[in-house]
Trainee: 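Input: one structure, supplied below.
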2 protein chains.
Amino acid sequence: MAPVKISIIGAGSAVFSMRLVNDLCKTSGLAGSLVSLMDIDEKRLNAVHNLATRYVKELGADLRFEKTTQLEVSLRDADFVINTAMVGGHSYLEKARRIGEKHGYYRGIDTQELNMVSDYYTLSNFNQLKFFVDLAKLMENICPNAWLLQTANPVFEGTNLIKRCSDIKVVGFCHGHYGVHEIVEALGLDIKRVDWQVVGFNHAIWLNRFSYDGENGYDLIDKWIEENSKDWKPKTPFDLQLSPAAIDMYRFYGLMPIGDTVRNSTWKYNYDLQLKKKWYGEPWGGADSEIGWQWYQERLKMITEAIDYLSSNNALKLLSLESYLKFLPKGSVPEELKEEIKIFTSKDALSGEQHIPFIDAVVNNNAQRFVINIPNKGYLSQIPDGVVVEVPALVNKSGWHVEKIDPPLNEKVVKMYLIPRMLRMEWALEAIMNGDKEILVEILLRDVRTQSYEQAVEVIEEILSLPENEPMRNHYSKKKRL
Amino acid sequence: MAPVKISIIGAGSAVFSMRLVNDLCKTSGLAGSLVSLMDIDEKRLNAVHNLATRYVKELGADLRFEKTTQLEVSLRDADFVINTAMVGGHSYLEKARRIGEKHGYYRGIDTQELNMVSDYYTLSNFNQLKFFVDLAKLMENICPNAWLLQTANPVFEGTNLIKRCSDIKVVGFCHGHYGVHEIVEALGLDIKRVDWQVVGFNHAIWLNRFSYDGENGYDLIDKWIEENSKDWKPKTPFDLQLSPAAIDMYRFYGLMPIGDTVRNSTWKYNYDLQLKKKWYGEPWGGADSEIGWQWYQERLKMITEAIDYLSSNNALKLLSLESYLKFLPKGSVPEELKEEIKIFTSKDALSGEQHIPFIDAVVNNNAQRFVINIPNKGYLSQIPDGVVVEVPALVNKSGWHVEKIDPPLNEKVVKMYLIPRMLRMEWALEAIMNGDKEILVEILLRDVRTQSYEQAVEVIEEILSLPENEPMRNHYSKKKRL
Ligand SMILES: NC(=O)c1ccc[n+]([C@@H]2O[C@H](COP(=O)([O-])OP(=O)(O)OC[C@H]3O[C@@H](n4cnc5c(N)ncnc54)[C@H](O)[C@@H]3O)[C@@H](O)[C@H]2O)c1
Ligand SMILES: NC(=O)c1ccc[n+]([C@@H]2O[C@H](COP(=O)([O-])OP(=O)(O)OC[C@H]3O[C@@H](n4cnc5c(N)ncnc54)[C@H](O)[C@@H]3O)[C@@H](O)[C@H]2O)c1
């Protein structure tokens with residue numbers, strides 16, 4: 001395959017923009033390619049474009065970056081489309097969450113049993129989900145053979161929705177499976193000697209296989225729990241892989257929940273902040289408490305501010321650590337940012353995001369193992385075919401080759417976690433695909449926080465009445481189909 | 001097939017005893033057969049046996065009745081086993097319900113979203129469910145080729161459990177599909193010109209086909225709703241087929257729920273008595289409110305008292321209406337009992353229960369259409385094979401022949417009603433089959449009435465501490481498997 005065109009939609013994303021630019025510039029197989037940065041926020045777009053063009057020059061890489069606020073322009077001739085856009089941004093999430101809390105829904109109505117991740121809205125997120133479908137349909141017209149790398153959340157609902165509404169080749173991406181590395185590190189093991197698999201849905205994956213030099217790795221986990229669990233303290237609100245909640249879930253389900261799966265529990269650990277602290281650790285109570293999520297938003301703000309600062313100072317060398325210390329007083333750089341900066345200032349370190357290596361694997365047959373979200377095809381025999389599952393697969397020029405899932409997930413995980421989680425997806429899609437508002441109400445009637453029918457109706461109506469939800473109001477009042 | 005042996009377990013059942021005796025004595029194809037009445041309650045057993053032997057004589061039928069309190073004795077040489085036993089009786093249900101209510105679970109913990117029928121306990125009903133399994137395993141030893149006609153509730157959980165724990169040929173029976181007749185009657189139609197199908201799970205069936213002389217029968221339902229719905233009043237607490245709840249479910253799901261399905265809604269209609277009255281009608285608020293259920297229990301008491309009275313007055317003619325008027329002052333005979341008495345005093349009228357006609361169909365090839373609970377085998381393509389479904393089937397000597405389900409159920413019914421209901425069954429079975437008490441707690445954590453983990457634990461512990469639940473306590477504390 002010749003040099004390709006990669007289109008990044010929502011290129012201003014605080015989480016992804018610089019990581020993708022980093023990986024692109026350091027992947028020699030993509031030399032000569034064109035990267036189209038697309039965002040509706042011109043300021044963010046310009047800043048990221050500025051950094052990207054400087055970064056590629058400093059690294060001496062062969063890559064062109066274009067920028068546009070027009071989706072159609074960006075998609076023209078695209079071979080790969082990475083969607084990281086979040087329509088409405090974090091401010092919409094907070095707005096909708098506040099309305100939820102006003103009506104008695106702690107952390108908002110979209111925070112649900114088995115789906116507690118704070119930017120993973122499935123009910124009140126019409127604009128975002130509709131954007132996914134519009135994007136895919138536009139791709140059908142403009143670049144029908146391109147791959148859509150779906151990264152914006154909700155990945156589970158989103159990839160299923162896109163699949164059901166279009167013929168676009170869509171793959172969902174998440175970095176949640178790195179939770180395995182956290183376990184391996186805590187246990188003091190060498191990752192190269194570990195044989196592991198995770199499987200499930202996005203944010204709902206379980207460590208079905210874990211062995212070390214051929215021995216049962218779960219024995220080592222049990223030992224760690226016995227010896228170290230009581231002294232565990234989280235380093236950040238996201239440091240949850242070995243939290244009491246994770247261990248309690250392991251005890252109940254018989255397998256370790258991996259990555260964001262730990263956050264997606266039932267209410268047992270989540271009724272209120274106090275309980276969250278008990279199960280997800282002090283002082284934050286995990287990533288999805290009011291405290292933990294604010295911490296995250298502050299980090300994101302720090303990143304966008306860094307991008308702003310760097311992009312408006314063209315003289316700064318991006319590969320030089322000092323550039324960052326200019327605006328981040330050394331002592332106060334948070335651990336996670338230190339790591340990001342270390343990667344960004346290195347000549348060859350990759351971010352760990354899977355998107356660009358995935359493209360490299362497809363384009364250049366640089367076969368590699370990924371954990372990706374693709375339609376089930378017997379991989380999980382207990383889950384209907386067609387439903388998008390998160391599975392380990394080897395990817396090369398001819399596409400993905402899913403590993404045999406061995407051993408299969410136990411019945412408890414399947415029946416008490418995966419199928420209920422799948423139902424949430426089915427319900428959300430049934431609502432949006434049929435413009436059926438009553439389904440939104442009915443979903444809330446099955447929510448432990450709902451104590452009356454009126455409560456459910458009122459919270460939905462108030463969310464619908466937000467000015468930015470005019471399209472949602474229109475969709476649901478006319479019972480439109482997607 | 002020669003004359004057969006039919007064993008009735010729990011023969012003292014208020015609901016079934018006399019109906020089954022009635023049908024047996026009036027089914028000429030079963031002449032020469034032996035009916036074994038089995039119950040642990042000797043008083044009830046003797047009374048039913050007394051009536052059965054007198055009844056068969058009065059009718060001049062050729063049938064022998066034996067009685068026993070020993071399961072093993074009854075099963076010996078049985079060809080058909082009808083299980084109507086309720087271990088612990090209604091008094092246990094009320095005891096467990098009271099504990100539930102004390103802990104904030106209106107109508108008890110077993111009353112759940114999509115499973116609100118008041119004698120359909122799936123969580124605290126260990127003794128009953130264990131009895132099902134014991135009975136099936138005993139049958140494997142004593143009469144391995146006999147059919148088990150499972151009638152005691154919970155039929156859905158019970159038939160699935162029996163299937164998973166034994167190789168016995170089990171079929172679940174219910175009369176809920178007669179709700180179709182209620183609709184036909186209300187619409188003033190001739191049932192012979194109606195083409196109907198119902199399908200789903202026990203207490204979860206939907207009118208997937210309904211046409212009248214080839215025309216869409218749902219148009220007639222819509223017309224009835226428009227013209228008559230506002231004037232609807234229930235004649236009994238069980239007269240719910242055209243209640244506002246049923247019509248609201250129809251509006252939401254797009255199909256009519258049939259029979260007990262109407263009772264098995266979500267909490268929308270059930271948060272409290274007042275709401276139940278609104279949706280299931282005044283003055284009872286449906287069969288499953290505190291008022292409606294008391295009404296039902298009084299009816300059952302009336303029947304057992306009638307059986308007592310008649311059985312201790314051997315001089316009374318059972319086929320004579322006057323015998324009944326002796327203890328039931330004419331004016332006060334409730335409508336439903338009048339109908340039962342009319343049938344019982346007639347020379348040939350059958351009760352409407354399916355058991356005996358089903359046996360007749362199998363034994364004598366008297367082919368007939370039934371609605372039965374049997375393992376799915378592609379009949380409902382959206383439900384896993386093996387899960388017990390309630391479907392219409394022609395039954396004859398060679399067994400059941402399920403009708404093509406046409407049209408199939410819509411996605412909303414499947415995804416928002418059937419699969420969630422199936423999960424409740426899977427959860428209950430996962431708990432009991434693995435002796436896993438924490439699953440019982442987890443089920444409650446997903447119940448809208450639970451507001452804290454402690455609440456769920458405490459109610460389970462108190463139910464477990466009942467003296468009659470010693471076997472359950474033992475099972476769950478030792479994590480025994482079934
Ligand atoms: N899959 C994963 O592993 C993973 C991890 C973290 C975050 N996420 C998701 O990534 C997304 C971005 O998160 P973030 O925190 O960086 O958000 P962000 O708000 O910082 O970035 C989103 C970008 O999308 C742009 N955008 C909004 N509407 C757009 C439109 N119509 N067209 C094009 N661009 C548009 C915004 O201007 C913004 O630059 C979210 O959906 C988040 O949940 C995914
Ligand atoms: N499938 C249906 O259509 C349908 C309809 C109504 C009721 N039911 C069910 O039928 C069952 C009976 O209901 P009921 O109201 O007549 O109850 P009931 O208490 O009047 O009758 C149950 C009988 O079972 C007997 N019994 C209890 N333990 C026994 C044991 N270990 N061995 C043998 N017999 C035993 C009792 O002595 C009693 O005579 C219940 O489970 C009820 O839910 C089913």
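Nothing here was measured: the structure is a model prediction, and the numbers come from that model. A note on names: the letters A, B, ... follow the listed sequences, proteins ahead of strands, and every chain is numbered from 1.
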Trainee: Specify which of A:L445, A:V441, A:V448, A:I443 makes the most heavy-atom pairs with chain B at under 4.5 Å.
Mentor: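 Between A:L445, A:V441, A:V448, A:I443, the count favours A:V448.
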Trainee: For A:P420, which atoms come within 4.5 Å of any heavy atom of chain B: side chain, backbone, both, or neither?
Mentor: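 Backbone plus side chain of A:P420, per the 4.5 Å heavy-atom cut-off to chain B.
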Trainee: Check each atom of B:L275 against the heavy atoms of chain A and say whether the ones under 4.5 Å are side chain, backbone, both or neither.
Mentor: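 Neither part, no heavy atoms under 4.5 Å.
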Trainee: Give, as side chain, backbone, both or neither, the part of B:L423 having an atom under 4.5 angstrom from any heavy atom of chain A.
Mentor: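 It is the side chain, since no backbone atom gets that close.
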Trainee: Would you enumerate the inter-chain donor-acceptor pairs between chain A and chain B whose distance is below 3.5 Å?
Mentor:
from   : atom 1 : to     : atom 2 : distance (Å)
A:R251 : NH1    : B:E438 : OE2    : 3.2
A:R251 : NH2    : B:E438 : OE1    : 3.2
A:Y253 : OH     : B:R446 : NH2    : 3.1
A:T266 : OG1    : B:E442 : OE2    : 3.0
A:K412 : NZ     : B:D436 : OD2    : 2.4
A:K415 : O      : B:W427 : NE1    : 2.9
A:K415 : NZ     : B:E426 : OE1    : 2.8
A:M416 : O      : B:R446 : NH1    : 2.7
A:M416 : O      : B:R446 : NH2    : 2.8
A:E426 : OE1    : B:K415 : NZ     : 2.8
A:W427 : NE1    : B:K415 : O      : 2.8
A:D436 : OD2    : B:K412 : NZ     : 2.4
A:E438 : OE1    : B:R251 : NH2    : 3.2
A:E438 : OE2    : B:R251 : NH1    : 3.2
A:E442 : OE2    : B:T266 : OG1    : 3.0
A:R446 : NH1    : B:M416 : O      : 2.7
A:R446 : NH2    : B:Y253 : OH     : 3.1
A:R446 : NH2    : B:M416 : O      : 2.8

